[in-house]
Protein chains: 2
Amino acid sequence: MATGRTHRPATRSRGIPEATVARLPLYLRALTALSERSVPTVSSEELAAAAGVNSAKLRKDFSYLGSYGTRGVGYDVEYLVYQISRELGLTQDWPVVIVGIGNLGAALANYGGFASRGFRVAALIDADPAMAGKPVAGIPVQHTDELEKIITDNGVSIGVIATPAGAAQQVCDRLVAAGVTSILNFAPTVLTVPDGVDVRKVDLSIELQILAFHEQRKAGEEAAALDGAVPAPAGRDDSRTDRTERTGRTGGTDQGPDGDVPAVMPA
Amino acid sequence: MATGRTHRPATRSRGIPEATVARLPLYLRALTALSERSVPTVSSEELAAAAGVNSAKLRKDFSYLGSYGTRGVGYDVEYLVYQISRELGLTQDWPVVIVGIGNLGAALANYGGFASRGFRVAALIDADPAMAGKPVAGIPVQHTDELEKIITDNGVSIGVIATPAGAAQQVCDRLVAAGVTSILNFAPTVLTVPDGVDVRKVDLSIELQILAFHEQRKAGEEAAALDGAVPAPAGRDDSRTDRTERTGRTGGTDQGPDGDVPAVMPA
DNA sequence: AACTGTGAAGTACTTCACAGCA
DNA sequence: TGCTGTGAAGTACTTCACAGTT
């Protein structure tokens, strides 16, 4: 797919930072909640609090979409919901297939947030013949043999992989060959895909390990605070590793698209 | 949001960038795979490919931990596994509780990666009295009433919230009050926590929405290619994107530690 | 008076490119 | 020679702070 800056001046200067894109769903969720409570307008300060980010960041983010607010007043909730939905491509309905209907796959199939958020589970696919025909979340599971046909017939471009790690790459290859260009991968594996295909990864053990890192550091600091002179919680450092005082982050409430590395780049 | 962060002068600088921390689990997984195949050493180039990042980034990341490689040779696999495990705090076993044993909670409980990666499911907790005593993944579910006792008795500092959104904040408050200082939140809600408590969020619908954004953009570019001046070659194309070392692997897609905003959700 | 939108300044992360060591 | 380790340069993101608008 087109790489580089494909010169497209017609619409507003495209080029929304990836970090901003990653926060739009957050804003959308907060706005949807406000909308359900029939709140007509909201200030950047209020909305930012609801989304768990700071208001300067939110305003900057919105400035990439256009000027949708009113100075002295704030943002019209309904209007913003529409604009962000449109920007995210949620004004259309994306058919999605879930491959691998184990515990996790079933949980995903049962997730209620699909329909309401621009997605539709087009099919559930599993390699186990015994699963075939069994309904999960009201949708009959189909066998992997049908994969290509399902993708084609339904015009599916987004696939969710919830298989064991060993099967993930193969499933991925078949999805891509059949026309899928965006993949959400729950298997603990790095997927190799051709250019033009986006992959995002969700991985429980990685998240836990990151928490463990910070948890350990907290323990270390407590210990250090007690004796001041000799740190060294069990199994600490061999010698050289350097260290600096921790950087500010953490602690508080910034669960936003945290300092992670964007998983996907549109190249 | 650094709170009154105790400044620790004595020890030298341990300021591992958050982005680096988020990638350590990735390296660890790749190294573990190499270790299982009894590979003794690995170069930054090879390991980077296996982890899905580029080699300069990997070397820089490792440089924050110390100098664990050998010039002209590479890294000793076992030694690196140990060093990274230690850095992440995985040389100890973290007891974890999962609250909310619906589809997702059960999937998490059944997830095999815990034990092998430094974590142990200390307890499963659910608010439904009918669930109490029922074994899930071989562990009997306990009622929410027991939450505080469970946390205290097991010295749990990491909690996983897999409840419906409406219950998440309340569960979070109780976990924190009982002593939990790290939370992995699967509920589609922004949690408010005191300083010193880390929250990481995993949210399926957010991930899908980010994919939809890019998917939509691809569609838009195709359309633009049809009428525009530049006839973009279907599929391929590399305009001027740097042709760095393309290790046949992951074409352009960097599945780094997800950046940012993970996603999933309970029933 | 209240609140948005945005240049400019600041910070974090990535990539380059090469010195230095085994 | 081959590959690590790292300053320096480059890029992306965040935050500040205030001019502009209703």
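Here is how names work: the chains are called A, B, and so on, in the same order as the sequence lines, proteins then strands, and each is numbered from 1.
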- Between B/Gly74 and A/Gly72, just flag the one whose closest nucleotide in DNA chain D comes earlier from the 5' side.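 Nearest nucleotide further toward 5': that of B/Gly74.
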
- 5' priority, DNA chain D, between A/Pro17 and B/Phe62 [closest heavy atom]: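 Nearest nucleotide further toward 5': that of B/Phe62.
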
- Query: What parts of residues 41-48 of chain A reach DNA chain C, counting only heavy atoms under 4.0 Å away?
  - Reply: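 Those residues whose heavy atoms fall under 4.0 Å from DNA chain C, taken from residues 41-48 of chain A in numerical order, are A/Ser43, A/Ser44.
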
Looking at [options], which one has an atom nearest to any side-chain atom of [X]?
| X | options | value |
| --- | --- | --- |
| B/Lys60 | D/dT6, D/dT15, D/dC13 | D/dT6 |
| A/Tyr64 | D/dT6, D/dT14, C/dC13 | D/dT14 |
| B/Ala19 | C/dT6, D/dC13, C/dT14 | C/dT14 |
| B/Glu18 | C/dA17, C/dC13, D/dA17 | C/dC13 |
| B/Asn54 | C/dT15, C/dT6, D/dT14 | C/dT15 |
| B/Arg59 | D/dT4, C/dC13, C/dT15 | D/dT4 |

Rounded to the Å, how far apart are [X] [atom1] and [N] [atom2]?
| X | N | atom1 | atom2 | answer |
| --- | --- | --- | --- | --- |
| B/Tyr79 | D/dT4 | OH | C1' | 15 Å |
| A/Asp61 | D/dA12 | CG | C1' | 13 Å |
| A/Lys57 | D/dA12 | NZ | C1' | 13 Å |
| A/Gln83 | C/dT4 | CD | C1' | 16 Å |
| B/Tyr68 | D/dG5 | OH | P | 11 Å |
| A/Asp76 | D/dT22 | CG | C1' | 15 Å |
| B/Leu65 | D/dT6 | CG | P | 11 Å |

- Looking at every strand, decide which applies to A/Tyr75 at a 4.0 Å heavy-atom threshold: base, sugar-phosphate, or nothing.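 Result for A/Tyr75 = sugar-phosphate.
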
- Item | Exercise: do B/Ser205 and A/Arg29 side chains pair donor with acceptor under 3.5 Å |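 A donor-acceptor contact under 3.5 Å links the two side chains.
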
- Task: Classify the side chain of A/Arg71 and the base of D/dT21 as holding, or not holding, a donor-acceptor pair under 3.5 Å.
- Result: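 Side chain to base: no pair present.
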
[X] side chain vs [Y] backbone, donor-acceptor pair below 3.5 Å:
| X | Y | value |
| --- | --- | --- |
| A/Gln169 | A/Thr192 | yes |
| B/Ser35 | B/Leu31 | no |
| B/Gln216 | A/Glu87 | yes |

- Quick one: pull up CG in B/Asp198 and CZ in A/Arg217 and give me the separation to the nearest 0.5 Å.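 Taking CG in B/Asp198 and CZ in A/Arg217, the distance rounds to 8.5 Å.
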
- Message: Among B/Leu175, B/Ile161, B/Asp173, which residue satisfies the side chain to side chain contact (heavy atoms under 4.5 Å, CB included) criterion with B/Leu191?
- Response: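 Output: one option passes, namely B/Ile161.
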
- Take the C1' atoms of the five end pairs on each side of the helix from C/dA1-D/dT22 to C/dA22-D/dT1, derive the two axes, and give their angle rounded to 10 degrees.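 Comparing the axis at each end, I get an angle of 10°.
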
- Message: If the test is side chain to side chain donor-acceptor pair (under 3.5 Å), which one of B/Asp61, B/Thr20, B/Thr32 qualifies with B/Tyr27?
- Response: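 Looking at B/Asp61, B/Thr20, B/Thr32, the match for B/Tyr27 under the side chain to side chain donor-acceptor pair (under 3.5 Å) is B/Asp61.
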
- Message: So which atom in B/Tyr68 and which in B/Arg86 form the shortest heavy-atom distance, rounded to 0.1 Å?
- Response: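 Here B/Tyr68 and B/Arg86 meet closest at OH-NH2, 3.5 Å.
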
- Item | Steps toward side chain to side chain contact (heavy atoms under 4.5 Å, CB included) verdict (A/Arg59, A/Tyr75) | CA-CA 10 Å; A/Arg59 288 200 302 279; A/Tyr75 301 92; 3.8 Å; yes

- Task: Taking the side chain as every heavy atom from C-beta outward, state whether B/Lys218 and A/Ser182 have any atom pair closer than 4.5 Å.
- Result: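 When only atoms from C-beta onward are counted, A/Ser182 and B/Lys218 do touch, with a gap below 4.5 Å.
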
